[in-house]
Every structure is written in structure tokens, then in C-alpha cells.
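Here the structure comes first, spelled out in C-alpha cells, and everything after it is commentary.
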Amino acid sequence: MGFHFFGHREKADLPGLQNLPTSMTGNIALPEDQRAQLASDLSMLDKTDTGRSLRLQKDVERSVISAAEDSVKRLRVVEMGRCPSCGAHIYQHVGANICDACGWHQFDLPKKGAVRVHLKGGAEAPLEGERAYVLKSGDCLVVRNGVVAAQVPRDAYTWVEYNWPQEELASRHTEAQKQLTVPCGWCGKHTNPTADGFHLLHIAFGATQERYCFCSDECYEAFRKMYPSRVHRDCYNRDCATCNACQKRYDEEAAEMRMLAKDYIRAKREG
């Protein structure tokens with residue numbers, strides 16, 4: 001499974017950026033009062049300077065393109081198994097990416113399960129909603145039926161609970177498994193982790209550790225003959241946990257299933 005960073009390409013050539021909205025309002029449906037405010041401001045700009053609103057629109061579009069480019073780069077770093085904040089190894093799970101080095105994280109929320117905000121002071125029942133947002137200030141916004149139902153100060157609640165229904169968890173794992181197609185590192189055919197002769201290999205030809213899957217013993221041995229062990233690094237026989245000869249992308253001791261396909265295959269085979 002390979003990953004490619006974007007080189008010196010124009011921002012407009014990046015995937016997903018060719019059809020940016022030309023309207024000043026973008027793709028989000030603004031509330032009525034904000035739409036009225038936007039219309040009023042645009043009308044004022046047109047009256048004072050007919051070209052100013054057009055220049056402002058171009059500035060907005062450039063800002064959107066720049067933000068999208070930053071987002072693509074950040075997601076590519078995460079895709080490579082690294083933290084976009086500090087560059088350390090991150091733990092990738094089905095619905096969460098976590099860096100225990102700096103605390104950076106991102107996680108999915110249940111689509112059907114309720115979110116509960118547990119209050120301090122011995123409150124009998126927590127606040128429930130469809131989603132909760134923890135702001136930088138520490139305050140928590142509870143959204144119910146598409147609107148903010150409560151704003152809870154940081155010192156008024158203890159923790160936020162996300163209730164994942166078992167059927168949704170099972171569906172996520174099944175969907176993740178269906179999307180995993182890892183080719184053999186030698187012949188290119190799809191691998192079957194439950195078949196005899198399946199191999200998963202950690203090896204570093206350069207400075208960074210890589211993973212390869214093989215569909216059979218024959219493909220594995222052919223790969224080893226074509227790429228023999230280097231003098232200074234015996235990846236075929238050395239335990240990665242005791243070796244520091246390369247920059248590791250994967251933690252051999254990770255306990256849970258990660259989002260990367262090869263990690264999922266490893267977890268499934270060991271289970």
C-alpha cells in the first residue's frame with residue numbers, strides 16, 4: 001500500500017479542489033440572520049466599490065484552497081502513520097487516531113448512539129444529545145435536534161460519554177474489512193490472511209520501516225532472494241522490538257486493530 005505526497009503542483013490541481021463554489025456563501029446553509037447580514041454587507045461593498053466584492057470573493061476562495069491543501073497534507077501524514085502535530089508514531093484504530101507523545105487525536109462519533117454529558121454536584125441524570133462539542137475554553141455544547149440545547153461550563157461537568165450501539169460497532173468493523181484489499185508484495189494478487197503460506201514482513205530498504213504481505217511461501221521466498229538482507233540490517237531475522245536501525249512506522253506491540261489494512265490483517269490473523 002503506497003502513499004504519495006503532493007509535490008510542486010498548483011493548488012487547483014489537488015484532488016477535490018477543482019469544483020470549488022464560486023458563491024460567497026459556500027456550501028453551508030447559513031442561518032437566516034447570517035444570510036441577511038451577508039447580503040447587507042455585500043450590498044454595502046457593491047455600493048462603495050463595485051470591484052471590492054469580487055476581490056474579496058477571490059480572497060475567500062484562495063483561503064479555502066489553502067485550507068484544503070493544508071488538510072490534504074495533514075491527512076497524508078496521518079495516512080503514513082505519523083502525528084501531524086509532532087511527527088511521532090500514532091495509534092490508528094477503526095474510529096480514532098491518537099498520539100500519546102503530544103496528545104493530538106481525532107475520533108469518530110456514533111451516528112445513532114446518544115452523547116451524554118455527566119454533570120457535577122450529584123445530578124441524577126446526564127445531559128443527552130446527538131453530539132457534544134468540547135471547546136478550547138473547556139465549555140461543552142450539547143446539540144439536540146440540530147440546535148444547541150445546552151452550553152455547559154467546564155467546571156460544571158465531569159466527563160462526556162459516547163454511547164456506541166453494538167450493531168453500529170459491528171457494522172463499522174464489517175465495512176472496514178470489506179474495504180481492505182492488500183496486494184501481495186511479489187505477485188500483486190490479493191492476499192488472504194487465513195490461507196496457508198500468508199506472510200507479513202517488516203523491512204527497511206532505506207531509513208523507514210515498511211510492511212509487505214505475501215500470498216504464499218513461494219512469493220515470500222522469491223522476494224527474499226531478490227532483496228537479500230543488508231549487512232548492517234538483518235530485517236528478515238531480527239526482531240523489530242530490539243532493533244533501532246531504522247525509523248519505525250509501526251508499533252509491533254499495538255494491542256488493538258488499526259485502520260491501516262496491513263495492521264488489520266495482522267490483528268485478524270493473530271486473533
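Along the sequence shown, residues carry numbers from 1.
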Practice prompt. Decide yes or no on side chain to side chain contact (heavy atoms under 4.5 Å, CB included) for Ile98 and Phe107, but give the supporting numbers first.
Written response: CA-CA 8 Å; Ile98 302 171; Phe107 56 89; over 6 Å; no
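Once rounded to the nearest 0.5 Å, the distance linking CZ of Phe214 with CZ of Phe223 reads 4.5 Å. In this structure, OG1 in Thr208 is found 13.0 Å from CD1 in Ile203, a value given to the nearest 0.5 Å. Note that NE2 of His118 and SG of Cys140 are 11.0 Å apart. Values are rounded to the nearest 0.5 Å. Trp186 contributes atom CH2, which lies 6.5 Å from atom OH of Tyr227 (distance to the nearest 0.5 angstrom). Here the CG-OG distance, from Asp196 to Ser216, works out to 11.0 Å after rounding to the nearest 0.5 Å. Distance check: Tyr91 OH to Cys83 SG gives 12.5 Å after rounding to the nearest 0.5 Å.
Across all their heavy atoms, Arg238 and Cys243 have their closest contact at CD-CB, 3.4 Å. Between Cys187 and Cys215, the shortest heavy-atom distance links the atoms SG-SG, 3.6 Å. Closest non-hydrogen pair, Cys240 versus Gln209, comes out as SG-NE2, 3.6 Å. Here the closest heavy-atom approach between residue Arg74 and residue Pro84 is recorded as CG-CB, 3.4 Å.
A single hydrophobic cluster is not seen to contain both Val152 and Tyr133; linkage of ILVMFWY side chains at heavy-atom distances under 4.5 Å, directly or through other members, places them apart. No path of Ile, Leu, Val, Met, Phe, Trp and Tyr side chains, each step under 4.5 Å between heavy atoms, connects Val160 with Leu141, placing them in separate hydrophobic clusters. Transitive grouping of hydrophobic side chains (ILVMFWY, heavy atoms separated by less than 4.5 Å) keeps Leu109 and Val143 in distinct clusters. Under the 4.5 Å side-chain heavy-atom criterion for grouping Ile, Leu, Val, Met, Phe, Trp and Tyr, Leu119 is connected to Tyr162 within one hydrophobic cluster. Hydrophobic clustering keeps Val148 apart from Leu127 (ILVMFWY residues linked when any side-chain heavy atoms are closer than 4.5 Å, directly or through intermediates).
The shortest side-chain heavy-atom distance between Cys86 and Trp104 does not fall under the 4.5 Å cut-off. A 4.5 Å side-chain heavy-atom check between Val78 and Gln106 finds at least one atom pair inside the cut-off. Side-chain contact between Pro126 and Glu161 is absent, with no heavy-atom pair separated by less than 4.5 Å. Taking the side chain as every heavy atom from C-beta outward, Cys99 and Ser85 never approach each other to under 4.5 Å. Using a 4.5 Å heavy-atom threshold, the side chains of Val115 and Val142 count as separate. In this structure the side chain of Arg82 reaches within 4.5 angstrom of the side chain of His89, judged on heavy atoms. For the pair Arg55/Lys58, no side-chain contact is recorded, criterion being any heavy-atom separation below 4.5 Å from C-beta on.
The pair Arg76-Glu79 counts as a salt bridge, with a side-chain nitrogen and a carboxylate oxygen less than 4.0 angstrom apart.
Formation of a donor-acceptor pair under 3.5 Å by the Ser66 side chain with backbone atoms of Arg62 is not found in this model.
Residue pairs that meet the salt bridge (charged side-chain N to carboxylate O under 4.0 Å, His left out) test with at least one member in residues 103-115, sequence neighbours left out, are Asp108-Arg172. Counting only residues at least two apart or on different chains, the side chain to side chain donor-acceptor pair (under 3.5 Å) pairs with a member in residues 143-160 are Asp139-Gln151.
Classified by interplanar angle (parallel below 30°, tilted 30° to 60°, perpendicular above 60°), the ring pair His199/Tyr220 is parallel.
Taking a 4.5 Å side-chain heavy-atom cut-off between Ile, Leu, Val, Met, Phe, Trp and Tyr, the cluster of Leu75 contains only that residue.
Atom NE2 of His105 has 12 or fewer neighbouring heavy atoms from other residues, nucleotides or ligands inside a 6.0 Å radius. More than 12 heavy atoms of other residues, nucleotides or ligands shown are found within 6.0 angstrom of NZ on Lys120.
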